[in-house]
Number of protein chains: 2
Amino acid sequence: MTKKSTLVLVAERAGVSIASVSRVLNGLPASDGVTERVREAATALGYVPSATARSLKVGKTMQIALAVADVGNPVYVAMMHEVSRVVTEAGYRLVLSSTGSDPSDQIDFLAGLNRGFADGLIMSPLRVTDELVAALQETRVPVVIIGSLPAGVEFDNVRADSAKGIGLAVKHLVKAGRERIAFINGPVDTVPGAARLAGYVRAMTKHGMPLVADMQASADDFTYRAGLVAARELFSQSTPDAVVCANDLLAVAAMKELSTRGIRVPEQVAVIGMDDTDIAELANPSITSVDLGSVKRARAAAKLLIRRLETPDAPVEQVVIKPSLTVRESTPAAQNPTP
Amino acid sequence: MTKKSTLVLVAERAGVSIASVSRVLNGLPASDGVTERVREAATALGYVPSATARSLKVGKTMQIALAVADVGNPVYVAMMHEVSRVVTEAGYRLVLSSTGSDPSDQIDFLAGLNRGFADGLIMSPLRVTDELVAALQETRVPVVIIGSLPAGVEFDNVRADSAKGIGLAVKHLVKAGRERIAFINGPVDTVPGAARLAGYVRAMTKHGMPLVADMQASADDFTYRAGLVAARELFSQSTPDAVVCANDLLAVAAMKELSTRGIRVPEQVAVIGMDDTDIAELANPSITSVDLGSVKRARAAAKLLIRRLETPDAPVEQVVIKPSLTVRESTPAAQNPTP
DNA sequence: AACGTTCTTGTAAACGATTACATAAGGATC
DNA sequence: GATCCTTATGTAATCGTTTACAAGAACGTT
């Protein structure tokens, strides 16, 4: 276990200046003799350059921070995974912060970021408060936001089109002949919650279906537990023949409740989830889910950030990822196939 | 968006030396006048100390690296989450590396670690090769391993007792009157795979049950997909009345296959998973699972590492977390309750 | 009043790299 | 062979902190 070794040690052993050592090790031109002696000395001493010293000098940490709202939700895990892949590929390390959904934690984290431990940040906030926006604008490093932002707030940004996503779900159900399409949402005061509700309303009116309060429930949280409560409420007050859920976890909860009530999926009630996470596939029956492009969004965000780090004053970019529907067992095939 | 500001700027504005600024900001004694002037100047300039510079000087990064094998597995996500909580609480940041299960990636990562971007490492390797052990021993920072290590390799280490865990599962099934207990394992060349197989063998012989090849299958991977293949193989060659799975994902797969074959859980076949992850609860029926203490292990590992960073030459510590069984719907109640 | 404490504050040297600049040496050109 | 250009290497400054040390100031003690 070689203790430590610095440039000067290597330089002494090789009989050259530290500048030469640095140059050789960074592949800058040097004579064959020097190159060889430095190489020899470096390996003999087990020299490894110090990341911190380099960072201080060149002003880059080669670290990217990722702040996710809820690690319990598989969609964030998938995103995290993809971000990790992209950034490590580009030579960056990933600093993870699982600042719950509490905006004040996120703000603390941003304050820490200003100490410059990372070159940039990817953040996917569940709730966007004014304070959070203010803190984001104070941030000294580039930020990419996954998710929608209030109008007028300009950040590199990649978002899903959840309204269109819900549109796909409703259309799919309508085609299959379902007429009473319910909706289980997450908290409406979150960014995705609000967007998904708007999408449901739009899709229902577009297909000329009534919007009734009995057919809507919203969970306190995007979790299975909260979903169970919401599903119980929904199914005790109405008898839909299909239910769209704002989330795969909520969809699993809906299916559980249906199963408890002895209602068959998809024969009696069709279920559609959102995010198209692993659990949609794992569930039994497997769940038709709206793929909001989480992996693509994650990748796009990571690439956006890396590009921004390379060219700091490129124009702000907004990417929208198109949704698609992954049909599985929880919804029936279309009754009258499109001609 | 205040650009930057250093100690010297603050010092100039406050009319004191940079040493005084540093002292005031670090809470070292200083006269009231100086303290106040420095405070004023610091806030006026929006001064935030540089993490990199501080790291270089004090030789600590306040970062802890976590290397997990498989982010697709919810048990690692749960561990990651817990580690994150503990380290941030202690003032460290978490650097995440999702080096697949490929040992060479992990070795690369270790090499990077030697550049000193983190003060310590928590690693949970799926496969432990000689090269990996060698690389771990070369590592310049303290390492805590989650999982078992070859005899004679000394690291701070926290492990589960999966043999005993399987013992709990088998005992539970035997009590419920099951007589043909099958086993679906993950890859046997992994650390957990080997341990769980050994545990199954031990538990079966202990209860005087026959060990037959037909009743065992091993998946190529600890994933749902691989589990489906293994389950298909198992149930086509034998008719167990219970199946213990090395993993919750494998258990979900087993249940899916059983459902496809029209076999009822738990009436005809009982299913037990391991790790007691969220999906055990989400599944329908919910899955009885051996809790190997993943969260506790994660917490213990994090605490161990932090302790080691504080007192570098404390003796090496090995923590073993006891397993427990979380009974859910996938297993029947005991037939003859213990007197 | 001289001296020894104690308390503040400033000066300057680290930490370990990168890199602008200077200098020396080697070739090319005429 | 003198001049210029190129290339190789060394010297030293720099990144932004922390901190050992020194120097003064203030104060109490005898």
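Every chain is numbered from 1 and lettered A, B, ... according to where its sequence line falls, protein lines coming before strand lines.
No side-chain N or O of T52(A) forms a donor-acceptor pair with one of S55(B) less than 3.5 Å apart.
Side-chain atoms of N114(A) come within 3.5 Å of backbone atoms of R140(A) as a donor-acceptor pair (strictly under, hydrogens ignored). In this structure a side-chain-to-backbone donor-acceptor pair under 3.5 Å is missing from S22(A) to I18(A).
F155(A) is not listed as a side-chain neighbour of L304(A), based on a closest heavy-atom distance of 4.5 Å or more. You'll find the side chain of V75(A) stays beyond 4.5 Å of the side chain of F222(A), heavy atoms only. Residues S5(B) and V48(B) are not in side-chain contact: their nearest non-hydrogen atoms beyond the backbone lie 4.5 Å or more apart.
In this structure, L56(A) places its CG atom 14 Å from C1' of dT19(C), rounding to the nearest Å. Straight-line distance from the CG atom of N26(A) to the C1' atom of dT19(C): 10 Å, rounded to whole Å. Taking atom CG on L7(A) and atom C1' on dT19(C), their separation rounds to 12 Å, with Å as the unit. The CD1 atom of I18(B) sits 12 Å away from the C1' atom of dA14(C) (whole-angstrom rounding). What separates NZ of K60(A) from C1' of dT18(C) is a distance of 14 Å, to the nearest Å. Atom pair L25(B):CG and dT19(D):P shows a separation of 14 Å (rounding to whole Å applied). Distance E12(A) CD to dA17(C) C1': 16 Å, rounded to the nearest Å. Nucleotide dC15(D) holds its C1' atom 17 Å from the CZ atom of R54(B), rounded to whole Å.
Comparing the axis of the opening five pairs of the helix from dA1(C)-dT30(D) to dC30(C)-dG1(D) with that of the closing five pairs yields an angle of 50°, rounded to 10°.
Residue A19(B) places its side chain closer to dT11(C) than to any other of dC15(C), dT11(C), dT18(D). In this structure, the nucleotide among dG16(D), dA12(C), dT19(C) sitting nearest to the side chain of V58(A) is dT19(C). In this structure, the nucleotide among dG16(C), dT18(D), dT18(C) sitting nearest to the side chain of S22(A) is dT18(C).
Around CD of E36(B), the count of heavy atoms belonging to other residues, nucleotides or ligands within 6.0 Å does not exceed 12. More than 12 non-hydrogen atoms from other residues, nucleotides or ligands lie less than 6.0 angstrom from CG of D189(A).
Judged by distance alone, with hydrogens and angles left aside, K57(B) brings a side-chain donor or acceptor within reach of the base of dT18(D), the pair sitting under 3.5 Å.
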**OP:** Under the salt bridge (Lys or Arg N to Asp or Glu O under 4.0 Å) rule, what do E310(B) and R307(B) come out as? Steps first, then yes or no, please.
**Re:** CA-CA 5 Å; E310(B) 283 164 357; R307(B) 198 212 44 174; over 6 Å; no
Nucleotides 4-9 of chain C: which of its N/O atoms have a protein N/O under 3.5 Å away?
{"unit_1": "dT9(C)", "atom_1": "OP1", "unit_2": "S31(B)", "atom_2": "OG", "d": "2.5"}
{"unit_1": "dT9(C)", "atom_1": "OP2", "unit_2": "S31(B)", "atom_2": "N", "d": "2.7"}
{"unit_1": "dT9(C)", "atom_1": "OP2", "unit_2": "S31(B)", "atom_2": "OG", "d": "3.1"}

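Judged by closest nucleotide on DNA chain D, A53(B) is the one of A53(B) and L28(B) placed further toward the 5' end. When each of G15(B) and V48(A) is assigned the nucleotide of DNA chain C bearing its nearest heavy atom, the one mapping closer to the 5' terminus is G15(B).
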